[in-house]
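Working notes, structure below.
Owing to the predicted nature of the structure, the values given are computational and were not obtained by experimental measurement. By convention here, the first residue in the shown sequence is residue 1.
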Amino acid sequence: EVQLVQSGGGLVQAGGSLTLSCVASGFRFDDYAIGWIRQAPEKAREGIACFKSSNPNTYYKDSVKGRFTISSDNSRNMVYLQMNNVKPEDTAVYHCATVVLNCVYAVGPNAIGFASWGQGTQVTVSS
C-alpha cells in the first residue's frame with residue numbers, strides 16, 4: 001500500500017523559513033515522481049514542486065521558484081520541501097503526493113497527475 005506521512009508545518013513569520021518532510025512507503029522510491037501540492041481556502045489547488053529520483057531535473061511553480069526547494073534522502077525514502085522567504089500568500093495546506101504524469105503537468109496550470117496524497121499539513125505565514 002502506498003503511504004505518505006508528512007511532518008513539519010506550522011506558523012511562521014513572513015520572510016522566515018520552514019521545512020516540510022514526507023516519508024514514503026509501499027513502493028519503490030524511483031517508481032514515481034514525488035510532488036508537493038497546496039490548497040488554500042477559496043483558491044485552486046496548486047502544484048508547486050516535483051521531482052523524480054531517477055531524473056536530475058526539478059520542477060517548480062513560478063510562484064515559489066527561487067524560494068522553495070524540493071529534495072530527497074533516497075536511503076530513507078524521505079522528501080523535503082525547504083521553504084525560504086515565505087510570504088502570506090504561501091498560507092495553505094500542503095500535501096506531498098506521488099505523481100503519475102510528467103512533472104511538467106504537476107506544476108502546470110491544472111496541477112494534474114497527483115495520485116496518492118499525504119495527510120496534509122497547515123502552513124500559516126503571518127505578515
Task: His95 and Trp117 aromatic ring geometry - parallel, tilted or perpendicular at 30°/60° bounds - done: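 Judged by the thresholds at 30° and 60°, the geometry between Trp117 and His95 is perpendicular.
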Which pair of non-hydrogen atoms, one from [X] and one from [Y], has the smallest distance, and what is that distance?
{"X": "Ser127", "Y": "Ala14", "result": "CA-CB, 4.3 Å"}
{"X": "Leu4", "Y": "Ala97", "result": "CD1-CA, 3.5 Å"}
{"X": "Tyr60", "Y": "Phe68", "result": "CE2-O, 3.3 Å"}
{"X": "Ala49", "Y": "Leu81", "result": "CB-CD1, 4.1 Å"}
{"X": "Asn74", "Y": "Ser72", "result": "OD1-OG, 2.8 Å"}
{"X": "Asn55", "Y": "Asn57", "result": "OD1-N, 2.8 Å"}

[X] side, atom [atom1]; [Y] side, atom [atom2] - distance, nearest 0.5 Å:
{"X": "Gln82", "Y": "Ile70", "atom1": "CD", "atom2": "CD1", "answer": "12.5 Å"}
{"X": "Tyr59", "Y": "Tyr105", "atom1": "OH", "atom2": "OH", "answer": "11.0 Å"}
{"X": "Trp36", "Y": "Thr121", "atom1": "CH2", "atom2": "OG1", "answer": "8.0 Å"}
{"X": "Ser116", "Y": "Gln3", "atom1": "OG", "atom2": "CD", "answer": "10.0 Å"}
{"X": "Met78", "Y": "Ser21", "atom1": "CE", "atom2": "OG", "answer": "4.5 Å"}
{"X": "Phe114", "Y": "Ile37", "atom1": "CZ", "atom2": "CD1", "answer": "4.0 Å"}

Open item on the list: Using modelled atom types and a 3.5 Å cut-off, is there a donor and acceptor pairing between side-chain atoms of Gln6 and backbone atoms of Gly120?
Closed with: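 Present.
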Task: Donor-acceptor under 3.5 Å (Gln122 side chain, Gly9 main chain) - done: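 Judged by distance alone, no pair lies under 3.5 Å.
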Open item on the list: One pair to check against salt bridge (charged side-chain N to carboxylate O under 4.0 Å, His left out): Asp90 and Lys87. What are the steps and the verdict?
Closed with: CA-CA 5 Å; Asp90 294 321; Lys87 303 176 181 180; over 6 Å; no
Open item on the list: Met83 and side chain to side chain contact (heavy atoms under 4.5 Å, CB included): which single residue from Thr69, Val12, Ile48, Leu20 fits?
Closed with: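 When Thr69, Val12, Ile48, Leu20 are each tested with Met83, the side chain to side chain contact (heavy atoms under 4.5 Å, CB included) holds only for Leu20.
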TODO: Report the residue from Val99, Leu101, Asn102, Thr58 that forms a side chain to side chain contact (heavy atoms under 4.5 Å, CB included) with Cys50.
DONE: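 Exactly one pass, corresponding to Val99.
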TODO: Report yes if some heavy atom in the side chain of Tyr32 is under 4.5 Å from a heavy atom in the side chain of Val100; otherwise report no.
DONE: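 A side-chain contact exists here, since the closest heavy-atom pair is under 4.5 Å.
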Task: Close side-chain approach of Ser63 and Arg38, heavy atoms under 4.5 Å - done: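 A side-chain contact exists here, since the closest heavy-atom pair is under 4.5 Å.
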- [ ] Return yes if a side-chain donor-acceptor contact under 3.5 Å exists between Ser126 and Gln13, otherwise no.
- [x]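 No - no donor-acceptor pair under 3.5 Å links their side chains.
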Open item on the list: Tell me whether Val2 shares a hydrophobic cluster with Ile34, the cluster being built from Ile, Leu, Val, Met, Phe, Trp, Tyr side chains joined at under 4.5 Å.
Closed with: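 Yes, it is one cluster - the side chains of Val2 and Ile34 are joined through contacts under 4.5 Å.
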